[in-house]
Every structure is written in C-alpha cells, then in structure tokens.
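Within every chain, numbering begins at 1; the chains are lettered A, B, ... in the order of the sequence lines, protein sequences first and strands thereafter.
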Amino acid sequence: MSMPPAMSPIPVDVLAPREVGGHSAPTRGPWALMWRRLRRDKAALASVAFIILLFSFAAAAPLFESWTNHPQNTSNVAGSDDVTLLPVGPLGGCDGVTDVGKDTCFILGASNVSGHDMLVQLSYGARTSLFIGVVSTAITVAVALVMGLLAGYSGGFTDGVISRLMDVVAAFPFLLFAIAVSTVFRSNVWTVIFVIAAFSWFYPARLFRAEVLSLREREFVSAARMLGASTPRILRKHIFPHLVGATVVYASLSIAGAILFEAALSYLGFGLPADIPSWGRMISQAVPGGLYRNAPYLMIFPGTLLVLTALAFNMLGDGLRDALDPKGNVDR
Amino acid sequence: MLRYTIRRLLWGALVILGVSLSVFVLFGPVLRARSDLSPARLYAGKNPSAAEIVQVEKNLGLDKPVMQQYGDMMYRLVLGPSDAEKKRLCPNASEDRCRELVGRLGRSYAKQRSVDLLIWDRIGATASLTMVAGVIWMSVSIPVGIISAIRPRSWFDRTTVTGVLVAQSLPVYYFGLLALYFFTYKLHLFPQGGYVKFSFSNPWPWLWHLILPATTLSLTFMALYVRIVRGGMMDAMGEDYVRTARAKGASERRTVFRHAMRNALLPVVTIFGLDLGLLLGGAILTEATFGLQGLGQLSVSAASSLDVPLTSGVVLFAAILIVVANIVVDVAYAFIDPRIRLS
C-alpha cells in the first residue's frame, strides 16, 4: 500500500518563499550583518582583543599572587628600597632570597611605599574595574530601559514625571554629590556602583524615550494593538527589539564611563575602601610627597592600563555604532 | 515666549528643590541615623557625654523637627538668616560680625564661618581656571572640528577622530600628573601648582600658574566639542542652503564660514554655557591634582570632615549655577537664533 513519492499531496514547502532566478544569497539577520561590518573595523577588533586580554589578566590574579608569592594588599619589606625607602622599581626587590616559596622579584616593581606588588595589585585592580564597569552598566541600562519605555510609551502624566526627574538628575553636580554620598555611607563596592548608576541612567533613558516616542506611532505597533496584544507584549516583542542596537552601543560606552568614574572617586579618596585594589587609588598613591617624580612608573602603569581600558570600550562602542548604522553620520 | 520662560523658571525651581532636598535628606536624617557619623558627635570633642552631645545638637540647630530644619534652610537661602538663627549662632555680636559668621548658606561647622564667605574666597581660583580652560578648548576645537568636517576622511580628520577617542578615555588627573612630571619636574617650564590672584598691573603670574591646569581641564571638553562641531558642520555641509550658496557662486570660504558655520555652531553656544555653569561649581579633579584652592578643593575637604553646612552649601551653590547657566543659555539662544525669537 506504498505510494510513490511523486503521488504525495502538495509538498508542504510550496508555501515557503522560493529563491528567484535559481541562485540565492543567504539571508542575514541584523546581528550577522553587524558582525560582518565589525569584522572589517580594525580598531574595534583590536579593542575586542584587548578586552579579552584584560579579562584574562584579571582572571589570572590569584596565579600572579602565588607565582610572585606576594599576596594582594600585603606589605613586603623587600618592596621598598633600604636606603631611599622608595618603592622598588621594576625587576627590583629580589633580595637574593631564592629559596622556593620565598621572595621573588617585583616584576613591575612595588606599587606604593608599603611595598605592595604592582603586578598583583594591577590584576586585582582589573577585576575591580571590570566588575564595577559591567555591573553598574547592567543596572544603568536596565533602569534606563524601564524609564525610557515607560515614559516614551505611556506619555502623559507618567512621561511628565519621568522627564522632569531626568532633567533634575541631569542638572545635579554629580561628582560633588557622589563624594557626599560616599562620605555618609562609608563607601564600599555597592555604594560606588549605586552612585554611578544613579547619575548615569538619565542619559540613555532620554535616548530610549525619544526612540520609543517615534516607534509608538508606527504601523506595526498599531497593528499589534489591533490584534489584541497587551501592552507588556507590545513593549517586549515589538518595541524592545528596536532598542537592542542602541543598548549594546550604549553599554560599551557606559562601561568605559563607569570604570573612569570609579577610578576618579578612588583617586580622590572617596571610592573603594583600602582593601579593594583600584587603579585610581594606585595613581593617587604616587602623589604624596611627589613620589611620582622619582618613580614615575608608579602612576604610569595603572594610568596607562586605565586609559587603554577606557579607550578599548569607547572604540568598541564607536565601532558597534558604525556597524549597526552604517548609513548614519560617521560621528554621533 | 512668556509661557516658555515661565516653564524654564519652574524647571529651575524644581532642580533647586530636588538638589536641596537630596542633600538635606542625605546629610540630615540619613547621617543622623548613622550615629557614629552624627555631626553633633563629631564636633562635641573627644569622648563626649550624652548631655554634651545634646547641647551641641542644640547649638547646631539639629534638635528641631526635620521638616522645620529643611524649612529653615530654604528660608535662609531665599531671605537670609532669620533673627532667631542670628541670636542662636552669634548671640552677642554686631550685625557686621554676624554676617561673617552666618550667611544664606549657613555656617560651616569646622571653620565657624559663613559658608557664603568661604565660597566667595574660593570662587576666584575656580572662575579663573574655568575661563582660561574655556578659551583654550574653544579656540582649539572650533577650527579643528571645522577643518576635519570639510575634509572628511583626510589624514587630518582621521587623526582628529583618534585624538578625540584618546582624549575622552584619558582621566584628567592622570594627564595632569603626566603634565606636571614632564613640564614642571623635567623641563621646569611651569610652577608646581597653586593659584596667584589676578592683577591688572601684571597678569602674567596668574596666567603662568593657570596654563597647565587649564590645559588639563580643557582636554576632555576639547574632545567633546570637536565631536559636536565636526558633526554639526558635516550635517550643515549637506544641507540645501549650502548647495544654494555654492550654486549662487559664493566662494568656498564664504560658504563654509557664512552659511554652514553659523548654523553648525549654534548648539556649541548652548553646551558651552552649560559646561561653564557646571565647572564654576568646582573642577574637583583638576583642582585636586594641581593644588588649586578653588571650590572643588573646598567641597572635598568639607565632605571629608563631614562639615554638613559647607558641603551642602557648595552643592547647592553648584546647582544654582547650573540652573542660572541653563536659563542664560536659553535667553541667549533666543537672541542668536531668530527662528526661536520669532516663533
């Protein structure tokens, strides 16, 4: 009772779109297109490479610790010069003790007068920077999305309240206020993250709001509403996907901003507590008594790493923007 | 126009209300709840007894209900210290002496002086720094932005775009320290830091002390402004009126400067005003790096010694400057741009 295949009912795929003219170009989704463009952007690729290296550097922190035998935040006598009492320079402080498990050299020197190991502090500092950058960006973007969607889609009174709130936050003297907050709350990682998020969300929220305002009037939204889609569903399935590109671009730029913000707070002494390594504090430790004049590497190592990290996230953000919107202005 | 003006004024009042409320809540109830950081305890001397703390609280006016404290603060800001407050803070002093002790922004706990006067003493350094920095960044970023916009993708443009990215990623304090290291320590070209008062007979020492900090401060702004000018000019050069100007036979120079530039620089005027307002409230990082005794340094030392009236005074002062700058910019904009004035 077998039927020859040719006799089967209409093949199902007759309804599927057919390639016209025999040859076909693979259809590419927006992400694939973006990736194609990003691959040609050398600066963005270099940034990605640097960021991967940085994450590995941060992950290797305990390795450096056991390898140099200089745990983080511990003072080492060998870390300061016997005569000048200055921190030892790169490859210094070897001290002639070569027994296994004893002192090894300070490969990048000591990071301050107490003789902390620069390499170990730098790599734990990378952990701090990346953690603060990523977590506060996640919070910033989440708050901005909620606020932007709420204000842009609901309009009216809600929009008015949220927009005024954004105006007020935008006009805040934020660094001053951040200093005040961290004095009152005995700063820790979460205070710093909270402060960064509290003064960063309004900017992306404004962008999202403007975007949602124009999306709301588009036909596909009216169509979805007419089909009976609920507001949460419209926001989730029809509006949010249009904001993903801007979110990704903004997140990358925002990580750079958050890392710089934390470093600035720690440089001023209002950032992280002393037992959490921070590049900003490392730079500030080079200042008292003009230490950096005799030992410029004290500021140059953490400073350069900080600049390169911020630069990498900024360049990646710019590259992503160009890749998502190639027709757009080269700038902005 | 009238409705617009009223809306802007209301906005200003809202910002000041928001900032003053947050500062008040932070330094009032929140700080008080953390008794180890209560200012009364901090300023009551070593190992104070409970009675002493209560007395200090009374002297500082912290014994009153919270809402009344906030009301007093706003009353003082608008109308000056009330008679009751004068009696409490400077009981047996003459009117002039009392003015030195308590101002519209209150009296500093640590320095026992009017916050207004403390701010007034420091504003010179901050204003000078802001002014010189503003001149530097405007005179660099406008020509650079215009040239790279009219020659897009040239080597000059590419260098500019890279430079902008680097400058935006460079923390001011790190750049400041590098500048101090090379230009002061190695080359002995500039002084170590500090501020010299301006004098008309010889303004050179004033400027000489400001060049390095002002350049440092201007760097981030330079990057931002190059971006804005370049973007604005690129948009303007693609507009119909530029094509029309060219079609009429206007020279390229005339097209760029008379037609495109005047439009492209409009947003720059706005942002310049806002940034000046922001910076006049204290350029904290630059001042800290170069040891300039301006408002930024004042606020940092106030916050670290938990000098509540001084910190909140500086924050409020900065917020007022930002609001004033916003409103001035709006008015100026209406004058510069006839489209706004006439609509």
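- The distance from atom OG of Ser169(B) to atom CG of Leu306(A), rounded to the nearest 0.5 Å, is 9.0 Å.
- In this structure, the portions of Ala263(A) lying under 4.5 Å from any heavy atom of chain B include both its backbone and its side chain.
- Asn294(A) is listed as a side-chain neighbour of Tyr185(B), based on a closest heavy-atom distance under 4.5 Å.
- For Phe183(B), the CZ atom sits in a loose shell: 12 or fewer heavy atoms of surrounding residues, nucleotides or ligands are nearer than 6.0 Å.
- Between Phe175(B) and Val307(A) there is no side-chain heavy-atom pair separated by less than 4.5 Å.
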Legend entry - Verdict with reasoning, Asp318(A) to Val161(B), per side chain to side chain contact (heavy atoms under 4.5 Å, CB included): CA-CA 11 Å; Asp318(A) 268 24; Val161(B) 172; 5.6 Å; no
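- To the nearest 0.5 Å, atom CG of residue Asn314(A) and atom CG of residue Leu165(B) are 6.0 Å apart.
- Looking at heavy atoms from C-beta onward, Ile179(A) lies out of side-chain contact with Ser299(B) at the 4.5 angstrom threshold.
- Chain A forms more heavy-atom pairs under 4.5 Å with one residue of Ser304(B), Ala318(B), Ala288(B) than with any other, namely Ser304(B).
- When heavy atoms are compared at a cutoff of 4.5 Å, Val23(B) approaches chain A by way of both its backbone and its side chain.
- Counting all heavy atoms, side chain and backbone alike, Ala180(A) lies closest to Phe27(B) at CB-CZ, 3.7 Å.
- Contact annotation for Thr289(B): both backbone and side-chain heavy atoms come within less than 4.5 Å of a heavy atom of chain A.
- Neither the backbone nor the side chain of Val169(A) comes within contact range of chain B; no heavy atoms are under 4.5 Å apart.
- Taking CG from Leu306(B) and OG1 from Thr183(A), the interatomic distance works out to 6.0 Å, rounded to the nearest 0.5 Å.
- Between chain B and the residues Thr309(A), Ile300(A), Leu308(A), Leu165(A), the largest count of heavy-atom pairs under 4.5 Å involves Ile300(A).
- Interface remark: Thr162(B) contributes no atoms to any contact with chain A (heavy atom separation under 4.5 Å).
- At a 4.5 Å heavy-atom cutoff, the contact between Leu178(B) and chain A is made by backbone and side-chain atoms alike.
- The 12-atom threshold is not exceeded at CZ of Phe174(A), counting heavy atoms of other residues, nucleotides or ligands nearer than 6.0 Å.
- Residue Pro171(B) forms a side chain to side chain contact (heavy atoms under 4.5 Å, CB included) with just one option from Leu260(A), Ile283(A), Ile259(A), and that option is Leu260(A).
- Residues Phe177(A) and Leu26(B) meet the side-chain proximity criterion, which asks for heavy atoms closer than 4.5 Å.
- Ranked by heavy-atom pairs under 4.5 Å with chain A, the list Thr184(B), Leu14(B), Thr311(B) is led by Leu14(B).
- Of the listed residues (Val323(B), Leu278(B), Leu321(B), Leu177(B)), the one with the most heavy-atom contacts under 4.5 Å to chain A is Leu177(B).
- The structure places CZ of Arg164(A) at 10.5 Å from CH2 of Trp11(B), a figure rounded to the nearest 0.5 Å.
- Between the side chains of Tyr174(B) and Thr304(A), at least one donor N or O sits under 3.5 Å from an acceptor N or O.
- Heavy atoms from other residues, nucleotides or ligands lying under 6.0 Å from OH of Tyr181(B) number more than 12.
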Inset, instruction - Evaluate the criterion side chain to side chain contact (heavy atoms under 4.5 Å, CB included) for residue pair Leu180(B) and Tyr292(A); output intermediate values, then yes/no. - result: CA-CA 10 Å; Leu180(B) 274 175; Tyr292(A) 65 92; 3.5 Å; yes
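- In this structure, the portion of Ile322(B) lying under 4.5 Å from any heavy atom of chain A is its side chain and not its backbone.
- Looking at Ala256(A), neither its backbone nor its side chain comes within 4.5 Å of chain B, counting heavy atoms on both sides.
- When heavy atoms are compared at a cutoff of 4.5 Å, Phe270(A) approaches chain B solely by way of its side chain, counted from C-beta outward.
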Inset, instruction - Take Tyr173(B) and Val287(A) through the side chain to side chain contact (heavy atoms under 4.5 Å, CB included) test and state the conclusion after the steps. - result: CA-CA 11 Å; Tyr173(B) 50 92; Val287(A) 177; over 6 Å; no
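- Chosen from Ala43(A), Gly280(A), Ala264(A), the residue pairing most often with chain B at heavy-atom distances under 4.5 Å is Ala264(A).
- Looking at Val172(B), neither its backbone nor its side chain comes within 4.5 Å of chain A, counting heavy atoms on both sides.
- Looking at heavy atoms from C-beta onward, Val30(B) lies in side-chain contact with Phe185(A) at the 4.5 angstrom threshold.
- Note on Arg8(B) versus Asp167(A): no salt bridge recorded, every NZ/NE/NH1/NH2 to OD/OE distance being 4.0 Å or above.
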